[in-house]
Asker: 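Sharing a structure, written as structure tokens. Questions coming.
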Amino acid sequence: MLNTNVTNFRKNLFELMEQTIRYNEPINVSTKSGNAVVLSEEDYNGMIETLNLLSDPIMRKKLIAGRDTALDECVGEDEVEW
């Protein structure tokens, strides 16, 4: 995460936004009142989708079970019927 103050953020807004969008590098902008985080739309959408999936108890259990499954127990990609 890139850290900057609000003055530097204003001066370099275009470059910082391009970096955030291109490399999905969040920006922590500090001000006297507190901090704000700038995310790319792609990162934001991914975060929201993750929260939605984890808020569904059935999907949460499936994701945890998948995470805890050993790789040698998984089906190969070429064996999956889409």
Side-chain angles (χ1 to χ4, degrees):
M1 180 180 295
L2 179 66
N3 295 298
T4 188
N5 61 45
V6 71
T7 302
N8 190 44
F9 182 72
R10 273 193 304 257
K11 278 196 257 181
N12 300 298
L13 179 61
F14 181 78
E15 292 84 10
L16 290 169
M17 295 300 286
E18 284 295 309
Q19 182 175 342
T20 297
I21 293 165
R22 184 173 293 136
Y23 302 112
N24 293 327
E25 174 94 28
I27 306 169
N28 180 18
V29 183
S30 60
T31 72
K32 292 178 184 174
S33 303
N35 297 347
V37 176
V38 179
L39 299 172
S40 68
E41 182 179 26
E42 181 181 358
D43 278 351
Y44 173 80
N45 289 337
M47 184 176 65
I48 294 300
E49 183 62 22
T50 299
L51 291 172
N52 285 334
L53 289 171
L54 293 176
S55 69
D56 178 340
I58 295 170
M59 185 55 73
R60 181 181 176 90
K61 285 181 183 178
K62 289 180 180 182
L63 290 169
I64 291 170
R67 178 195 66 195
D68 295 339
T69 302
L71 284 178
D72 60 349
E73 295 177 29
C74 294
V75 176
E77 182 180 353
D78 56 334
E79 299 174 56
V80 176
E81 291 185 29
W82 302 95

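Not measured: the values here are computed from a predicted model.
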Asker: Could you tell me whether a side-chain N or O of Thr20 sits under 3.5 Å from a main-chain N or O of Pro26, the two making a donor and an acceptor?
Answerer: no
Asker: Among the clusters formed by ILVMFWY side chains lying less than 4.5 Å apart, do Met47 and Val37 turn up in the same one?
Answerer: yes
Asker: Going by side chain to side chain contact (heavy atoms under 4.5 Å, CB included), Val38 matches just one of Ile27, Leu13, Asp43. Which one?
Answerer: Ile27
Asker: What closest approach, in Å, do Ile21 and Ser40 show between heavy atoms, and which atom pair accounts for it?
Answerer: CA-CB, 4.1 Å
Asker: Hey, could you give me the CE/CG distance between Met1 and Leu39, rounded to the nearest 0.5 Å?
Answerer: 7.5 Å
Asker: Leu63: which other cluster members, linking ILVMFWY side chains closer than 4.5 Å, directly or transitively?
Answerer: Leu53, Leu54, Met59
Asker: Is the number of heavy atoms from other residues, nucleotides or ligands within 6.0 Å of CD (Glu77) greater than 12?
Answerer: no
Asker: Decide if atom CD of Glu79 counts as having more than 12 heavy atoms of other residues, nucleotides or ligands within a radius under 6.0 Å.
Answerer: yes
Asker: Indicate the atoms forming the closest heavy-atom contact of Gly34 with Thr31, along with that distance.
Answerer: O-OG1, 2.6 Å
Asker: Tell me, please, which residues at least two apart from Thr4 pass side chain to side chain donor-acceptor pair (under 3.5 Å).
Answerer: Asn8
Asker: Is it the case that over 12 heavy atoms from other parts of the model lie below 6.0 angstrom from the CD atom of Glu42?
Answerer: no
Asker: Take atom CD1 in Ile58; do more than 12 heavy atoms of anything else shown fall under 6.0 Å from it?
Answerer: no
Asker: Show the nearest heavy-atom pair for residues Thr69 and Cys74, with the distance to one decimal.
Answerer: CG2-SG, 4.0 Å
Asker: So do Phe9 and Met17 actually touch side chain to side chain, heavy atoms under 4.5 Å?
Answerer: yes
